[in-house]
Each structure stands twice: as structure tokens, then as C-alpha cells.
Number of protein chains: 2
Amino acid sequence: MFSNSAKYAINAVLYLAIHSKGSEKILARDISGSISVPKAYIAKLLQELVRHDIISSERGPKGGFYLTEANRKVPMIQIVEMIDGEELFKSCVLGLAHCNEAKPCPLHEKISPYRWSLLTALEYNTIQDYADEISKNKSYLPQ
Amino acid sequence: MFSNSAKYAINAVLYLAIHSKGSEKILARDISGSISVPKAYIAKLLQELVRHDIISSERGPKGGFYLTEANRKVPMIQIVEMIDGEELFKSCVLGLAHCNEAKPCPLHEKISPYRWSLLTALEYNTIQDYADEISKNKSYLPQ
DNA sequence: TCCTAAATATGATTTTTATCATGTTTTTTA
DNA sequence: TAAAAAACATGATAAAAATCATATTTAGGA
């Protein structure tokens with residue numbers, strides 16, 4: 001479904017959302033440790049997330065990664081799209097170019113409502129929304 | 001979601017289901033052409049499908065690929081599992097080991113219906129079931 | 001102002017997936 | 001019984017994704 005990179009990025013961003021309060025910063029090393037992804041790998045992803053204004057960072061001693069209020073309002077879908085591209089939920093599951101409501105592929109009818117609801121869940125819920133659910137023990141991350 | 005190979009295999013098998021009536025055989029070349037996948041590639045996939053008793057073949061002149069009655073009763077899921085493995089629908093979308101109904105990951109609830117719809121559509125419908133839908137113009141393949 | 005701790009930039013390596021190529025075996029038909 | 005047409009087996013190459021490594025830049029603190 002998602003690439004490994006997309007999974008890691010989602011985990012990392014949610015970890016940040018929960019652990020960095022205000023301007024408190026989190027080290028790449030800590031994120032790496034807690035989501036069990038090699039530091040060099042997650043560091044690269046974090047840098048790309050910064051470039052896309054999905055998370056924030058500061059260099060030097062006392063530096064690290066954190067989320068601004070604006071970052072917390074970013075819809076989840078942006079993380080996925082940054083890494084796996086925009087076609088992930090939009091192109092036909094069988095790879096057929098013609099597939100649409102009028103000329104559906106053999107799987108289209110069976111899955112499209114559920115696919116659509118997943119897409120909207122990612123489009124209309126922000127990073128903060130997901131973090132809130134975790135805080136309320138409605139969902140869980142490792143640890 | 002599916003690998004390219006799995007998509008190609010589904011397309012190829014459905015093409016066979018529709019075009020090979022009875023013992024009439026279809027050439028790898030024809031399948032290749034109509035689903036726009038290089039012959040050498042689809043040929044390899046077809047051979048693996050034969051090894052797994054999902055489709056049938058005969059060598060030599062007048063040979064080709066076809067479906068027996070037994071083949072037509074094979075559930076669609078077998079094609080996907082042969083190629084992408086059984087974990088595809090079972091492991092957590094975020095890659096979290098603990099994730100289940102009791103301790104869901106942040107995306108679990110949103111994605112479950114989608115995954116479930118796809119899984120049941122593939123588990124409870126056979127190759128013939130899908131071919132019938134196409135014959136009745138309820139769904140479409142290329143061409 | 002110098003040292004150190006952090007992100008950043010860049011690119012190398014490895015692994016997996018996708019694609020291509022080629023020789024072998026089987027079977028039909030002349 | 002020989003030629004040709006097909007699948008089959010095997011492996012080579014290419015492209016993409018995942019992972020690892022290293023040098024550079026930035027900023028805080030002694």
C-alpha cells in the first residue's frame with residue numbers, strides 16, 4: 001500500500017506531534033530509535049519533510065525537529081503524496097487507463113467507496129487530529 | 001497496492017477467461033499485445049500461473065494457454081497471493097507489529113474497510129465470477 | 001573566537017522489482 | 001522423421017527503492 005518511506009515518515013511525524021510540545025525539539029537520533037528505522041535513513045526523510053514545510057527544524061546544539069502550529073494543521077495526505085506521489089489513491093488498482101465510474105474495471109465497484117473514504121480521511125484530517133486520537137487512547141503507536 | 005506483476009497477472013487471466021472458450025488456446029503473444037505488457041515478461045508470469053494450477057497450457061503448435069473448469073473456479077485472491085504474498089492484506093499499513101483491533105494504529109480504522117472490501121472481493125469471487133461480470137458489461141477490460 | 005552538536009547535502013551501495021534474452025523441450029503436421 | 005511453433009527454464013540486465021556513509025553548514029556555549 002504505502003512505501004516503506006511513507007510509513008516511516010508518518011510514524012516519525014506522529015512521534016514528533018506527540019513528543020514535541022511547543023518549541024521543544026526532538027533529535028533525529030531519538031526518532032530513529034523509537035520507530036526503529038536507521039538514523040541515516042530517517043534523517044534523510046525528515047530533511048525532505050522540512051523542505052516541504054510539513055515539519056520544522058533548527059540546526060546546531062539545542063537544535064532538532066519540531067512542529068509549528070501551521071505544521072500541525074497539515075493534512076495527513078501531504079506526507080503520503082510527498083513520498084508516494086498523488087496517483088496512489090487515484091489511479092486504477094489494476095492499472096487500467098480507462099477505468100472510471102462509467103467504465104469500471106472488474107474491481108472498481110467493489111472497492112471504490114472504501115477507497116474514497118480512506119482518501120477523504122487523509123485529506124480532511126490533520127497531523128494534529130491523528131495525534132489527538134493517540135492522546136485519547138483511541139489509537140496507538142509503538143511504546 | 002498490488003505490484004505490477006500482480007496487476008498484469010490479473011489482467012492476463014481475465015483476458016484468458018473471456019477469450020478462451022472450452023479447449024481453445026490463446027498465445028502468450030496475443031495476451032501480451034492486448035494487455036500491453038512485453039511478451040517475455042507476461043510469458044514468465046503465465047508459466048508461474050501454470051505451475052500453481054491457476055491456468056493451464058499446452059506446448060507445441062496449436063498450443064497455448066487456456067482455462068479448465070477447475071481453473072475457472074479458482075478464487076481471485078490466489079493470483080495476488082502467488083505474486084505479492086499473503087501478508088499484503090494482513091500486515092499493518094504502517095508496519096507496526098502490535099497493530100490489531102484492540103490496539104489499532106492511527107490509520108487502522110480508516111483503512112480497514114478498504115482493505116476488507118478488497119480482500120473479500122478477491123476471496124469470495126472466482127475467476128469465472130469476474131469474467132461473467134465483464135461479459136454482462138458490468139465491468140470492462142481494455143479493448 | 002573556538003569547539004561541539006546538531007541538521008543538511010550529496011552521493012555510494014545494496015536489495016528488490018521489473019524487464020529482456022536465449023537456449024531447450026514438447027507436440028503437431030507435412 | 002524432420003521442420004516449425006509453441007511453452008518452459010534459466011539467467012542477464014536495467015530501473016527503482018531502500019539503506020548506508022561522509023563531508024559541510026549552522027548555531028550555541030565555554
Side-chain angles (χ1 to χ4, degrees), chain A residues 1-13 15-16 20 23-33 35-68 71 80 82-85 87-88 95, chain B residues 1-13 16 20 23-33 35-68 71 80 82-85 87-88 94-95:
Chain A
M1 173 108 239
F2 300 136
S3 65
N4 281 352
S5 291
K7 292 177 194 172
Y8 298 163
I10 293 172
N11 277 291
V13 171
Y15 180 90
L16 266 184
S20 124
S23 64
E24 191 183 335
K25 300 183 196 72
I26 307 286
L27 304 186
R29 181 200 324 141
D30 296 335
I31 298 175
S32 157
I35 69 174
S36 305
V37 176
K39 174 170 181 281
Y41 193 6
I42 199 68
K44 207 173 194 175
L45 283 174
L46 290 168
Q47 286 158 29
E48 214 183 327
L49 288 164
V50 170
R51 264 201 305 282
H52 284 79
D53 295 313
I54 295 171
I55 68 176
S56 302
S57 69
E58 211 148 292
R59 299 208 225 188
K62 301 279 172 182
F65 299 91
Y66 64 101
L67 297 178
T68 63
N71 292 151
V80 176
M82 183 193 91
I83 295 167
D84 289 342
E87 287 310 293
L88 185 60
Chain B
M1 179 98 237
F2 299 138
S3 65
N4 280 352
S5 291
K7 292 177 194 172
Y8 297 164
I10 292 173
N11 278 290
V13 171
L16 264 187
S20 123
S23 64
E24 192 183 336
K25 300 183 194 71
I26 307 286
L27 304 186
R29 181 199 322 140
D30 295 335
I31 299 175
S32 157
I35 68 175
S36 305
V37 176
K39 174 171 182 281
Y41 193 7
I42 199 68
K44 207 173 194 174
L45 283 173
L46 290 167
Q47 286 157 29
E48 214 182 328
L49 288 163
V50 171
R51 264 201 304 283
H52 284 79
D53 295 313
I54 295 172
I55 67 175
S56 303
S57 68
E58 212 147 291
R59 299 207 224 188
K62 302 279 175 180
F65 298 91
Y66 64 101
L67 297 178
T68 62
N71 292 151
V80 175
M82 182 193 91
I83 295 168
D84 290 341
E87 286 309 291
L88 185 61
L94 290 186

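Residue numbering restarts at 1 for every chain, and letters A, B, ... go by the order of the sequence lines. FYI, side chains are in, hydrogens and waters are out, and symmetry mates aren't considered; it's all heavy atoms of this structure.
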Below 4.0 Å: OP1/OP2 of [N] and any side-chain N or O of [X]:
| X | N | result |
| --- | --- | --- |
| A/R29 | C/dA5 | no |
| B/Y8 | C/dT19 | yes |
| A/R59 | D/dT24 | no |
| A/S57 | C/dT8 | yes |

Please give, in whole Å, the distance from [N] [atom2] to [X] [atom1]?
| X | N | atom1 | atom2 | answer |
| --- | --- | --- | --- | --- |
| B/Y41 | C/dT22 | OH | P | 19 Å |
| A/Q47 | D/dT25 | CD | C1' | 12 Å |
| B/F65 | D/dA5 | CZ | P | 17 Å |
| A/K25 | C/dA5 | NZ | C1' | 13 Å |
| A/E48 | D/dT19 | CD | C1' | 15 Å |
| B/L46 | D/dA7 | CG | C1' | 10 Å |

Item to check | Minimum-distance nucleotide to B/R51 side chain [options: D/dA18, D/dA9, C/dC20] | outcome: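 Among D/dA18, D/dA9, C/dC20, the one nearest the side chain of B/R51 is D/dA9.
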Next on the checklist: As a test of reading the structure: which of D/dC20, C/dA7, C/dT28 is closest to the side chain of B/K62, going by heavy atoms?
Outcome noted: C/dT28
Checklist entry - Without hydrogens or angle criteria, can the side chains of B/S5 and B/Y41 be said to hold a donor-acceptor pair below 3.5 Å? => result yes
Item to check | Base-paired stems that DNA chain D participates in, counting runs of 3 or more Watson-Crick or G-U pairs under 3.5 Å | outcome: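 So the stems come out as C:1-30 with D:1-30.
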Checklist entry - With a non-hydrogen cut-off below 4.0 angstrom, is A/L27 in contact with a base, only sugar-phosphate, or nothing? => result sugar-phosphate
Next on the checklist: Between A/A43 and B/S5, which residue's closest nucleotide on DNA chain C lies nearer the 5′ terminus?
Outcome noted: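 The residue whose closest nucleotide sits nearer the 5' end is A/A43.
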Checklist entry - Starting at the 5' end of DNA chain C and moving along, which residue's nearest nucleotide shows up first, B/G60 or A/E58? => result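 Closer to the 5' end of DNA chain C: A/E58.
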